[in-house]
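Following: one structure in structure tokens, then a few remarks.
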Amino acid sequence: MIYDLVIIGAGPAGLTAGIYARTKMMSTLILDAGVVGGQLVNLYPEKGIHNFPGFETIQARKLSDKLYAQAESMECEIHEMEKVIDLKQTGQNITVKTNKTEYVTKSVIISIGMGMFKPRRIGCKGETEFEGKGLSYIMPLKEDIVGKKIVVFGGGNSAIEMAMIAGKVADTTIVHRRTEFRANESNVSKLKNSRVKTIMETELQSVNGTDHITSVTLKQGNENIEIPTDLVVISIGISANLDDLKGWDIELTESGLIKVGPDMSTSRRGVYACGDVVDYPGKCKQIITGCGEAGTAVLSAHKFVKKPYWA
Ligand code: NAP
């Protein structure tokens, strides 16, 4: 069988691409090296999403479940735990080589997000020692933090949203190194009206304890202060792991992301991309924009594969 489209990555952008492709009746295979859902399930499954149209609030995991169900109902073929290793040109078609087998397709959409991403580390004393023993990079389950003291580090949307979730059941403090937050104004405003305590212009010096965390040492100007805590969450962004892309004969930016045109085409014929893995002037990393780019990528792939009279 020759597919019309193989989509690599089953996060919100990849699943949206699948849904759109099926409205064009393109035979569509979606492959993911892990499980369906991307960052929605791997990074912040418990978090409420407040800015996805159609839902006042929806838990990240539930949004992933809904996108998955919609893609399946539209008859997308979806394979989890299947990692793409290479994209080989086979005449006019592309052979997608995975760790399990090979598929021939007329077009490809790459939507691998940040790849098999890793949380960014802060690099302080005690960070490695206490990882998994009270220090984490994602929000611990609510039931594990009830009544505890927790300190969250970071100034972006993720850190603030995690701190506000924790603040409902735990004594929570957020620490940021600047005078103001980077996060959306609406999140900052909600934080100010929440029970979460805020410490600004302060950096993490060390995580302290014996077999478990007892305190953190913070640097404020020239002074060091120690505050007691049971748990530490570091949320200072994620580092992409996109090394796989280097061998796929696609032009990348200096930061290793995929360069795309306004129609989401890459430098390789028949290969399109969308979501966090792409970069272009004005790029905005939001779920909604990744999904929008997915629609554009599919329409471009459809024109390339089906060559409709109006295109
Ligand atoms: P982010 O926006 O990149 O923010 C990372 C934060 O960590 C920044 O405030 C940064 O400080 C701080 N930081 C970085 N390195 C640090 C260090 N060594 N020590 C102390 N602080 C450090 O990351 P994110 O919050 O994970 O979000 C990633 C992307 O997803 C963003 O584009 C974000 O808007 C988006 N997102 C959106 C939503 C939403 O719309 N609701 C929710 C989650 C994520 P500086 O500010 O000083 O650089």
Side-chain angles (χ1 to χ4, degrees), residues 11-13 37-64 111 113-115 117-128 131 135-139 151-166 173-191 194 196 198-207 216-221 224 232-242 255 257 274-293:
Q39 292 172 36
L40 293 177
V41 298
N42 290 308
L43 206 56
Y44 44 80
E46 303 260 315
K47 201 179 83 176
I49 306 220
H50 309 286
N51 55 8
F52 195 84
F55 300 97
E56 280 168 34
T57 299
I58 182 164
Q59 197 188 34
R61 184 193 302 284
K62 287 196 181 137
L63 179 59
S64 166
S111 50
M114 306 291 276
F117 53 83
K118 289 198 181 116
R120 202 175 284 149
R121 292 171 160 270
I122 218 160
C124 73
K125 193 163 159 262
E127 182 176 23
T128 312
E131 185 177 349
L135 184 149
S136 68
Y137 297 88
I138 61 169
M139 197 62 220
V151 186
V152 178
F153 291 87
N157 283 310
S158 302
I160 288 193
E161 288 175 0
M162 284 189 200
M164 286 192 295
I165 293 174
T173 304
I174 185 165
V175 178
H176 182 37
R177 62 183 177 182
R178 310 257 178 210
T179 51
E180 57 185 309
F181 286 106
R182 177 188 286 259
N184 293 339
E185 286 77 353
S186 61
N187 266 338
V188 176
S189 161
K190 280 184 204 154
L191 180 75
S194 76
V196 176
T198 304
I199 302 180
M200 306 301 281
E201 291 184 88
T202 300
E203 291 186 33
L204 177 59
Q205 280 285 96
S206 66
V207 181
V216 282
T217 304
L218 306 176
K219 185 170 184 291
Q220 270 181 340
N224 279 355
V232 169
V233 174
I234 296 176
S235 175
I236 58 168
I238 49 179
S239 316
N241 181 357
L242 298 169
S255 50
L257 299 169
C274 57
D276 281 1
V277 73
V278 304
D279 204 8
Y280 53 84
K283 167 73 185 172
C284 172
K285 279 194 182 179
Q286 294 276 311
I287 303 170
I288 181 74
T289 46
C291 294
E293 292 162 5

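Counting starts at 1 for both ligands and their atoms, following the listed order.
Residue-level proximity to ligand 1 for N51 is carried by the side chain, the only part with a heavy atom below 4.0 angstrom. Only the side chain of Q286 comes within 4.0 Å of ligand 1, counting heavy atoms alone; its backbone N, CA, C and O stay farther away. The residue L204 has no part lying near ligand 1, judged by heavy-atom distances below 4.0 Å. In H176, the part holding a heavy atom less than 4.0 Å from any atom of ligand 1 is the side chain. No part of Q39 comes within 4.0 Å of ligand 1, judged by heavy-atom distances.
At the top of the distance list for atom 2 (O) of ligand 1, counting protein heavy atoms only, stands R182 CD, 3.4 Å. The closest protein non-hydrogen atom to atom 20 (C) of ligand 1 is R177 CD, 3.7 Å. For atom 47 (O) of ligand 1, the nearest non-hydrogen atom of the protein is R178 NE, 2.3 Å. In terms of protein heavy-atom proximity, atom 35 (C) of ligand 1 is closest to K285 O, 3.7 Å. Nearest protein heavy-atom neighbour of atom 7 (O) of ligand 1: I236 CA, 3.2 Å. The protein heavy atom nearest to atom 23 (O) of ligand 1 is G237 CA, 3.8 Å. Protein heavy atom nearest atom 41 (N) of ligand 1, with residue, atom name and distance: E161 OE2, 2.8 Å. For atom 34 (O) of ligand 1, the closest heavy atom belonging to the protein is N157 ND2, 3.0 Å.
Close contacts between ligand 1 and G156 involve ligand atoms 4 (O), 6 (C), 9 (O), 25 (O) [criterion: under 4.0 Å to a heavy atom]. Listed by number with element, the atoms of ligand 1 under 4.0 Å from a non-hydrogen atom of K47 are 42 (C), 43 (C).
Within the 3.5 Å criterion, the main-chain N or O of C284 finds a donor-acceptor partner in the side chain of T289. Of the possible polar contacts, none joining the D276 side chain to the G290 backbone as a donor-acceptor pair under 3.5 Å is found. Without hydrogens or angle criteria, E293 side chain to G275 main chain gives a donor-acceptor distance under 3.5 Å. R120 contributes a side-chain N or O that, together with a main-chain N or O of I236, makes up a donor-acceptor pair within less than 3.5 Å.
Where the criterion is an N or O separation shorter than 3.5 Å, residue side chain and backbone included, G155 meets it with respect to ligand 1. By the 3.5 Å distance cut-off applied to N or O atoms, S158 is counted among the residues near ligand 1. In terms of N/O distances under 3.5 Å, ligand 1 is not approached by R121. Checked against a 3.5 angstrom limit, the closest N/O atoms of R120 and ligand 1 fall outside it.
Note on ligand 1: H50 sits outside its first shell, no heavy atom being nearer than 4.0 Å.
Within the 4.5 Å cutoff, the side chain of P53 has heavy atoms near those of the I288 side chain. A heavy-atom distance below 4.5 Å is found between the side chains of Q39 and M114. Looking at P12 and L40, their side chains come closer than 4.5 Å, going by heavy atoms from C-beta outward. The closest side-chain heavy-atom distance from Q220 to I199 is below 4.5 Å. Side-chain contact check for M164 versus L191: some heavy-atom pair is nearer than 4.5 Å. Put simply, the side chain of F181 reaches to within 4.5 Å of the side chain of M200, judged on heavy atoms.
Screening H50, E161, R182 for a side chain to side chain donor-acceptor pair (under 3.5 Å) with N187, the sole residue that qualifies is E161.
Within the 4.0 angstrom cut-off, atom 31 (C) of ligand 1 has no protein heavy-atom neighbours. Using a 4.0 Å threshold on non-hydrogen atoms, atom 43 (C) of ligand 1 counts as touching the protein.
For NZ of K283, the number of neighbouring non-hydrogen atoms (other residues, nucleotides, ligands) closer than 6.0 Å is greater than 12. Heavy atoms of other residues, nucleotides or ligands lying less than 6.0 angstrom from NZ of K62 number 12 at most.
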